[in-house]
Amino acid sequence: MEDRWLSITEICKYLGVSNDTVYKWIDKHGMPAHRMGRLWKFKKDEVDEWVKAGGAAEPSDAGKSRNS
């Protein structure tokens with residue numbers, strides 16, 4: 001049952017960010033999210049891959065590594 005859809009509240013808690021940040025990421029940064037009626041739902045593995053690929057990075061942060 002671990003591969004269930006997460007709500008906006010759950011994905012915010014998982015990522016440690018606000019609702020506004022997640023809505024911005026959906027709108028401006030292509031965060032993987034799926035509409036179910038009026039609600040947004042998220043697959044944790046899709047969000048993890050998006051974050052690892054730099055989807056949550058600010059444009060000025062793109063290409064920077066942690067060691068620079």
For Trp5 and His34, I'd like to know if the aromatic rings sit close, meaning centre-to-centre distance below 6.0 Å.
yes
Might you point out which heavy atoms bring [X] and [Y] nearest each other, and give the distance in Å?
X: Gly30; Y: Trp50; value: O-NE1, 3.6 Å
X: Ala33; Y: Phe42; value: CB-CE2, 3.4 Å
X: Trp40; Y: Ile26; value: CH2-CG2, 3.8 Å
X: Glu46; Y: Pro32; value: O-CG, 3.5 Å
X: Asp3; Y: Lys43; value: O-NZ, 2.8 Å

Please step through side-chain contact (heavy atoms from CB on, under 4.5 Å) for the pair Lys24 and Val17, ending with a clear verdict.
CA-CA 11 Å; Lys24 182 182 82 176; Val17 298; over 6 Å; no
Cluster check Tyr14, Tyr23: I/L/V/M/F/W/Y, side chain < 4.5 angstrom
yes
Note: Arg4-Glu10 ion pair, threshold 4.0 Å (strictly below):
yes
Nearest 0.5 angstrom please: [X] [atom1] to [Y] [atom2], how far?
X: Met36; Y: Ser7; atom1: CE; atom2: OG; result: 11.5 Å
X: Ile8; Y: Lys41; atom1: CD1; atom2: NZ; result: 10.0 Å
X: Thr21; Y: Leu15; atom1: OG1; atom2: CG; result: 10.0 Å

